[in-house]
Every structure is written in structure tokens, then in C-alpha cells.
Enquirer: 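A single structure is presented below for examination.
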Number of protein chains: 2
Amino acid sequence: MRRDVFQAIADPTRRAILTLIALQAMTPNALAEHFDTSRQAVSKHIKILAECQLVDQQQHGREIYYHFNPEKMKEVADWLAPFQKMWEERFDRLDNLLENLKAQQNVR
Amino acid sequence: MRRDVFQAIADPTRRAILTLIALQAMTPNALAEHFDTSRQAVSKHIKILAECQLVDQQQHGREIYYHFNPEKMKEVADWLAPFQKMWEERFDRLDNLLENLKAQQNVR
DNA sequence: TATAAATGCAATTAATCGGTTGCGCAAGTT
DNA sequence: AACTTGCGCAACCGATTAATTGCATTTATA
């Protein structure tokens with residue numbers, strides 16, 4: 001099963017799970033309490049997140065704590081970087097435009 | 001149809017389309033030449049990208065040029081930011097660890 | 001040792017996805 | 001005027017998705 005970080009974060013529930021466990025490692029049961037779905041549904045999401053290494057697990061007795069693993073998220077950031085440059089440039093251009101408009105305010 | 005930027009960039013073809021038109025605005029036909037699929041398939045992807053405002057269109061006669069719109073991509077960057085902070089911290093910690101190890105190299 | 005709790009796995013299902021094919025329409029071309 | 005080109009739209013189809021339900025397994029507790 002080819003799992004891909006982009007596909008993993010496409011689902012809003014999975015994004016919420018990541019946000020939760022980024023703050024604190026949690027068990028599937030504890031996670032499920034934050035959602036309107038069943039524990040099994042949450043576990044399936046966790047499985048997908050684990051498959052693309054966005055989460056790690058750590059067993060404590062019969063409980064399994066899932067941790068967020070930021071490493072793989074870099075892939076998204078790396079893909080995003082060139083685009084980010086584009087909107088920053090666009091922002092700069094808008095900035096310059098506004099500066100110019102201000103300067104010419106009394107001209108026309 | 002509820003479209004969401006995260007879902008839009010989940011598909012590899014759509015990510016490739018964005019990369020292409022970020023460099024230069026293109027028509028659906030021109031885009032389709034870069035892929036192994038039909039023009040209609042590409043058009044469907046474009047439609048999805050347009051629905052979440054990742055692309056703008058500009059008609060020239062019977063041709064439609066699709067432009068990349070970086071604005072909406074910020075949503076992804078914004079969501080990513082806190083996580084990015086985490087892996088940077090982790091990197092810093094690793095960095096400190098390495099520093100400490102170096103310093104203690106002769107101790108144990 | 002019997003029972004309860006925490007979890008994973010498998011089967012099922014409705015919905016969505018990505019793709020193809022066929023069609024219609026508007027804009028150029030002959 | 002007839003034809004070609006570029007495009008969007010609708011219908012259809014197989015694959016995938018997200019969710020539920022039921023069951024098995026391991027670990028803790030009474």
C-alpha cells in the first residue's frame with residue numbers, strides 16, 4: 001500500500017489527530033474521545049499516518065502511545081517552499097506598488 | 001462541492017500541474033501533453049484546482065490560460081508552521097546534543 | 001482463574017475519486 | 001458555409017476511501 005504524506009494530510013480527521021498528538025502523545029482510545037467517530041475509525045487513520053511515518057508508537061503495557069514524528073512533514077514543506085517564494089514575491093510587489101502609490105499620491 | 005486545498009494537493013498529477021503552471025500559465029491541451037492521461041482528465045484536475053482557487057483562468061479567444069494563484073497555498077503553509085517549528089527545535093536539540101558530545105569527547 | 005479493558009485485524013458498505021468516452025458549443029480556418 | 005480546434009459538461013466505470021460491525025488477542029484486574 002503506497003502511502004504518501006500528501007494523501008495522509010488530505011483528511012481533516014488525520015490533520016486533527018496530528019495536531020493533537022503533536023502536543024502530547026496519546027492512545028487510540030484517548031484520541032477517539034476527541035472525535036465523533038468510533039475508535040476503529042480513528043485507529044485506521046492512525047494506521048495510515050504510521051504507514052507514512054508521520055507517527056511513531058510506543059507500547060506501555062496494553063496501551064499504545066502514538067507520537068508525532070515531524071521528520072516526514074518536511075516533504076510537504078520542501079514541496080511548498082518554491083511556491084512560498086512566489087507569494088512572498090507577490091507580496092513584495094504589492095508592497096512596492098503601495099509604496100509607489102503613496103509617493104505619487106499628490107501627483108495625479 | 002466542498003473543495004479543500006489539502007485534498008487538492010493530495011493528487012500527484014495535480015501537484016505536477018501546479019508546478020508547471022507556476023512556471024508559466026498554460027492551456028489544458030498544453031498541460032495534457034505533459035501527462036499520460038487524456039485532456040479531459042487534466043481538465044477535471046484543473047476544475048478541482050480552480051474550485052479551491054489554486055488556479056485562475058484567463059481566456060484568449062478559444063484558448064484558456066490557467067495561472068497559478070499562490071494565495072491559497074498559504075493555508076497549507078500556515079497549517080504546517082507549528083509542525084515546522086517542532087522539527088526545527090528537534091534539529092536544534094540534536095545540534096546541541098552533538099555539541100555536547102563533541103565537548104565531552106575526551107571525558108568518557 | 002474469570003472478567004474487563006485496550007487494541008489490532010477482517011469483512012462489509014456507501015460514497016468518492018480518477019479516468020474514459022461521447023457530446024455540444026464557441027472560436028478560428030479553409 | 002463547411003470544417004477544425006480548444007474546451008467544458010455529463011454519463012459511466014472500476015478502484016479507493018472512510019466508516020461500521022464483529023471478532024481475536026494481549027494485558028490488567030477482581
Side-chain angles (χ1 to χ4, degrees), chain A residues 1-21 24-69 72 76 79, chain B residues 1-21 24-69 72 76 79:
Chain A
M1 206 150 301
R2 276 186 126 333
R3 292 294 178 191
D4 160 358
V5 183
F6 289 93
Q7 197 242 337
I9 64 169
D11 184 89
T13 303
R14 283 196 289 269
R15 287 200 301 279
I17 290 176
L18 288 174
T19 304
L20 282 170
I21 65 168
Q24 184 181 18
M26 294 178 81
T27 66
N29 259 326
L31 272 170
E33 283 172 13
H34 290 80
F35 301 98
D36 276 344
T37 71
S38 64
R39 173 190 63 83
Q40 287 87 343
V42 171
S43 269
K44 264 190 160 185
H45 285 303
I46 294 175
K47 195 183 173 189
I48 290 171
L49 294 174
E51 273 169 10
C52 58
Q53 293 165 288
L54 279 170
V55 307
D56 298 329
Q57 48 184 301
Q58 196 176 349
Q59 189 128 10
H60 279 279
R62 63 185 166 184
E63 294 182 329
I64 302 178
Y65 283 86
Y66 286 91
H67 300 253
F68 173 60
N69 174 23
K72 286 283 163 179
V76 182
W79 180 78
Chain B
M1 205 152 301
R2 278 189 126 332
R3 293 292 177 190
D4 158 359
V5 184
F6 289 93
Q7 198 242 337
I9 65 170
D11 184 87
T13 304
R14 283 197 288 270
R15 287 200 300 278
I17 290 176
L18 289 173
T19 304
L20 283 170
I21 66 168
Q24 184 182 18
M26 296 177 82
T27 66
N29 259 326
L31 272 170
E33 284 172 10
H34 289 81
F35 301 98
D36 277 343
T37 71
S38 64
R39 173 190 61 84
Q40 287 87 342
V42 171
S43 269
K44 264 190 160 183
H45 285 304
I46 294 176
K47 195 182 173 190
I48 290 170
L49 294 173
E51 275 169 7
C52 56
Q53 292 165 288
L54 279 171
V55 307
D56 298 328
Q57 47 184 302
Q58 194 174 353
Q59 189 128 10
H60 277 279
R62 64 183 165 185
E63 293 183 329
I64 302 179
Y65 283 87
Y66 286 92
H67 300 252
F68 173 60
N69 175 21
K72 285 284 164 176
V76 182
W79 181 78

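Computed from heavy atoms alone, side chains included, the values below leave out hydrogens, waters and symmetry copies. Naming: A, B, ... by sequence-line order, numbering from 1 per chain. Note that the coordinates shown come from a computational prediction; the quantities given were computed from them, not determined experimentally.
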Enquirer: For DNA chain C, whose closest nucleotide is more 5', that of Lys44(A) or that of Gly61(B)?
Expert: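 Of the two residues, Lys44(A) wins.
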Enquirer: Would you confirm whether Asp56(B), through its side chain, and Asn69(B), through its main-chain N or O, come within 3.5 Å as a donor-acceptor pair?
Expert: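 Not confirmed, Asp56(B) side chain does not pair with Asn69(B) backbone.
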Enquirer: Think Arg39(A) has a side-chain N or O under 4.0 angstrom from the OP1 or OP2 of dA5(C)?
Expert: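 No.
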Enquirer: Look at Ser43(A) and dT7(C) and indicate whether a side-chain polar atom (N or O) is within less than 4.0 Å of OP1 or OP2.
Expert: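 For dT7(C), neither OP1 nor OP2 has a side-chain N or O of Ser43(A) closer than 4.0 Å.
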Enquirer: Both Arg62(A) and Thr13(A) contact DNA chain D. Taking the nearest nucleotide for each, which residue is further toward the 5' end?
Expert: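 This one resolves to Thr13(A).
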Enquirer: Tell me the interatomic distance from Ile46(B), atom CD1, to dG18(C), atom C1', rounded to whole angstroms.
Expert: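 Taking CD1 of Ile46(B) and C1' of dG18(C), I get 15 Å after rounding.
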Enquirer: Starting at atom CG of Asp11(A), determine the distance to atom C1' of dT17(D), rounded to an integer number of angstrom.
Expert: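 Whole-Å distance recorded here is 9 Å.
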Enquirer: Quick one: Arg15(A) CZ to dA18(D) C1', roughly how many Å, whole number?
Expert: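 About 15 Å, once rounded to whole Å.
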Enquirer: Taking CG from Asp4(A) and P from dT16(D), how many angstroms apart are they, rounded to a whole number?
Expert: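 My rounded result for the distance is 15 Å.
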Enquirer: When rounded to the nearest 0.5 angstrom, what distance separates NZ in Lys72(B) from CG in Leu49(B)?
Expert: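 Between Lys72(B) NZ and Leu49(B) CG, I get 13.5 Å after rounding to 0.5 Å.
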Enquirer: Given dG19(C), is OP1 or OP2 found less than 4.0 Å from the side-chain N or O atoms of Thr37(B)?
Expert: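 Negative; the distance criterion is not met.
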Enquirer: Return yes if some donor-acceptor pair links the side-chain N/O of Arg3(A) with the main-chain N/O of Ile48(A) below 3.5 Å, else return no.
Expert: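 Here the side-chain-to-backbone pair does not exist.
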Enquirer: Phe6(A) has an atom CZ; how far is it from atom P of dT17(D), in whole Å?
Expert: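 These atoms are roughly 17 Å apart.
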Enquirer: Taking Gln59(A) for the side chain and Gly61(A) for the main chain, is one N or O donor matched with an acceptor at less than 3.5 Å?
Expert: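 Judged by distance alone, yes, a pair lies under 3.5 Å.
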Enquirer: Salt bridge between Asp4(B) and Arg15(A), side-chain N to carboxylate O under 4.0 Å?
Expert: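 Salt bridge present between Asp4(B) and Arg15(A).
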Enquirer: Give the nucleotide from the list dG18(C), dC7(D), dT20(D) with an atom nearest to the side chain of Tyr66(B).
Expert: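 Selected nucleotide: dC7(D).
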Enquirer: Atom CD1 of Ile46(B) and atom CD1 of Ile21(B): how far apart are they, to the nearest 0.5 Å?
Expert: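 Here the rounded value is 7.5 Å.
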Enquirer: From the list dG22(C), dG19(C), dG6(D), which nucleotide is the closest neighbour of the side chain of Glu63(B)?
Expert: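 So the side chain of Glu63(B) is nearest to dG6(D).
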Enquirer: Could you say whether Ala10(B) or Tyr65(A) is positioned toward the 5' end of DNA chain C, judged by the nucleotide with the nearest heavy atom to each?
Expert: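 This one resolves to Tyr65(A).
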Enquirer: Compare side-chain N and O positions of Asn29(A) against OP1 and OP2 of dA5(C) and report whether any pair is under 4.0 Å apart.
Expert: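 Result: no.
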Enquirer: Looking at His45(B), does any N or O in its side chain come under 4.0 Å of the phosphate oxygens OP1/OP2 on dC17(C)?
Expert: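 Answer no for this pair, as no side-chain N or O of His45(B) is under 4.0 Å from OP1 or OP2.
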Enquirer: Nearest-Å distance, CG (Asp36(A)) to C1' (dA19(D))?
Expert: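 Distance check: Asp36(A) CG to dA19(D) C1' gives 13 Å.
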Enquirer: Below 4.0 angstrom from OP1 or OP2 of dC17(C), is there any side-chain N or O of Gln7(B)?
Expert: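 For dC17(C), OP1/OP2 do have a side-chain N/O of Gln7(B) under 4.0 Å.
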Enquirer: Can you tell which of dG22(C), dT17(D), dC9(C) lies closest to the side chain of Gln40(B)?
Expert: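 Closest nucleotide among those given: dG22(C).
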Enquirer: Taking only N and O in the side chain of Thr27(A), is any of them less than 4.0 Å away from OP1 or OP2 of dA6(C)?
Expert: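 Looking at the OP1 and OP2 atoms of dA6(C), neither is under 4.0 Å from any side-chain N or O of Thr27(A).
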Enquirer: Between Glu51(A) (CD) and dT16(D) (P), how many Å, whole number?
Expert: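 Atom CD in Glu51(A) sits about 14 Å away from atom P in dT16(D).
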Enquirer: Could you state the CG-P distance from Leu31(B) to dG19(C), rounded to the nearest angstrom?
Expert: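 Taking CG of Leu31(B) and P of dG19(C), I get 14 Å after rounding.
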